[in-house]
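Worksheet for the structure shown next.
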Amino acid sequence: AAERTFIMVKPDGVQRGLVGEVVSRFERKGLKLLGAKLMQVSNELAESHYAEHRERPFFNDLVSFITSSPVFAMVWEGENAISIARNMMGKTNPADAAPGTIRGDLGLTIGMNIVHGSDSPDSAAREIALWFNESLADYERAVD
Ligand code: CMP
């Protein structure tokens, strides 16, 4: 079924100049870009986004990192977009990610793994609403 997923190039990916590379991979796959913005993440947004990791030992590092410099937040749409995007990103730890995937080709460490992508329909819905809502709705009206 047609799905939407939230994808973000993290600060390491933006700083390394990999926004175009990541966007290009999803475009070439055939997914449709519905919304995108370069933005500085607030502590509040970072803590909401990563709420499920609140008890993890690396939570503070995660929030510090994601708020350290701008991210590039996107919504992509297509058949099975959530699982397709996850396959294209590769395993969370770049050390385990297969060659041919974004993390497998471009990443080295789990903290700086270039991209985030929604892991399920529930998290996609939650993350899209958290990061986009008004601007994504405006975009859809504009292209209808
Ligand atoms: P992400 O998909 O953004 O969701 C949670 C993030 O936590 C994950 O990608 C990793 O970048 C990060 N993460 C997971 N495990 C660790 C860890 N042991 N140390 C630092 N960061 C981690």
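Note: hydrogens, waters and symmetry copies are ignored here, and every other heavy atom, side chains too, is used. Both ligands and their constituent atoms are indexed starting at 1 by order of listing. Here the structure is a predicted model, which means the values were calculated and not measured.
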Please collect all side-chain hydrogen bond (donor to acceptor under 3.5 Å, both in side chains) contacts where either partner lies in residues 65-74, sequence neighbours excluded, each pair once. Gln15-Ser69
Under 4.0 Å from ligand 1, counting heavy atoms only: the protein residues, by chain and number: Lys10, Tyr50, His53, Phe58, Leu62, Thr92, Arg103, Ile110, Gly111, Asn113, His116
Tell me which pairs pass side-chain hydrogen bond (donor to acceptor under 3.5 Å, both in side chains) where either residue lies in residues 102-113, with sequence neighbours left out. Lys10-Asn113, Arg25-Asp105
With under 30° as parallel and over 60° as perpendicular, where do the rings of His49 and Trp131 fit, or are they tilted in between? perpendicular
Please confirm whether the backbone N or O of Phe6 pairs with a side-chain atom of Ser118, one donor and one acceptor, at under 3.5 Å? yes
If the test is side chain to side chain contact (heavy atoms under 4.5 Å, CB included), which one of Ile7, Ile82, Ile84 qualifies with Trp76? Ile7
Sequence neighbours excluded - side-chain hydrogen bond (donor to acceptor under 3.5 Å, both in side chains) pairs with any residue from residues 80-102: none
